[in-house]
Amino acid sequence: MQNSQDSVYYSKIDWGFFISIIILGPLISSYKLLLNADIYLTIIILSIIFAGLLIMWATLHFMGRKTKYTLEDKGLRIYFPLWYNLLIPYEDIYAIEKTFNLVNAPAFSWTRVKISYGNERSFLGIKSRKSTQISPKNRDDFICELNERIEEIEDQIEEESY
């Protein structure tokens, strides 16, 4: 449920990101096969690749348009259609940083925000926290507003402890 105080940031979509992931990947992977095929087989292979790319593009385009990051009263909600609906309480957010990392995430842009949250955990002596990457439009405004909300929660927690 959305409050009047909730701020919604939709995912930024970089067309270069789409082109490189959706078109270049399958073409590069089928390059060797296309070089050794006769013309009819090449046409069939390219038709199958094109149909698959069209379906993939339509699906990702729909999901990219519907992906949103909402700053709610309780925390940051990350909504990625069909797969991902995560609420990160503000008090659990440990770090916010700009990144260009291409790790799998609900983000459709090269310009991303990495959010580290949760308790520190250790695996084989390596300490880490949970993290996710998002790509909101107006990235700087998003980071600024998120930091403000985190500060408000920290102030509330501090006041309650007195």
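Small disclaimer: the values here were computed from a predicted structure and weren't measured.
- With sequence neighbours excluded, the residues satisfying salt bridge (charged side-chain N to carboxylate O under 4.0 Å, His left out) with Lys98 are Asp140.
- Between Ser11 and Tyr69, the closest heavy-atom pair is OG-OH, 3.4 Å.
- Take Arg77 and apply the salt bridge (charged side-chain N to carboxylate O under 4.0 Å, His left out) test, not counting sequence neighbours, and it matches Glu72.
- Sorted by first and then second residue, the salt bridge (charged side-chain N to carboxylate O under 4.0 Å, His left out) pairs involving residues 80-94 (not counting sequence neighbours) form an empty list.
- With sequence neighbours left out, the salt bridge (charged side-chain N to carboxylate O under 4.0 Å, His left out) criterion links Glu152 to no other residue.
- The backbone N or O of Val113 lies less than 3.5 Å from no partner atom in the side chain of Arg139, so there is not a single donor-acceptor pair.
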Trace of the side chain to side chain contact (heavy atoms under 4.5 Å, CB included) decision for Phe142 with Asn147 | CA-CA 9 Å; Phe142 174 83; Asn147 279 324; over 6 Å; no
Side chain to side chain contact (heavy atoms under 4.5 Å, CB included) evaluation trace for Asp6 with Leu71 = CA-CA 5 Å; Asp6 293 352; Leu71 299 173; over 6 Å; no
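- Counting heavy atoms from C-beta on, the side chains of Ile78 and Thr70 never come closer than 4.5 Å.
- In this structure, Ile153 and Asp73 approach most closely via the heavy-atom pair CD1-O, 4.4 Å.
- Residues passing the side-chain hydrogen bond (donor to acceptor under 3.5 Å, both in side chains) test with Tyr9, sequence neighbours excluded: Glu145.
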Let me see the working for Phe80 and Leu86 under side chain to side chain contact (heavy atoms under 4.5 Å, CB included), right down to the final yes or no.
-> CA-CA 9 Å; Phe80 183 68; Leu86 174 67; over 6 Å; no
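- Residues Lys114 and Ser131 form a side-chain contact, since some pair of their non-hydrogen atoms from C-beta on lies under 4.5 Å apart.
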Apply side chain to side chain contact (heavy atoms under 4.5 Å, CB included) to the pair Thr111 and Phe100, showing each step before the final yes or no.
-> CA-CA 5 Å; Thr111 55; Phe100 294 96; 3.3 Å; yes
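- Among residues two or more places apart in sequence or in another chain, the side chain to side chain contact (heavy atoms under 4.5 Å, CB included) test is passed with Lys137 by Lys12.
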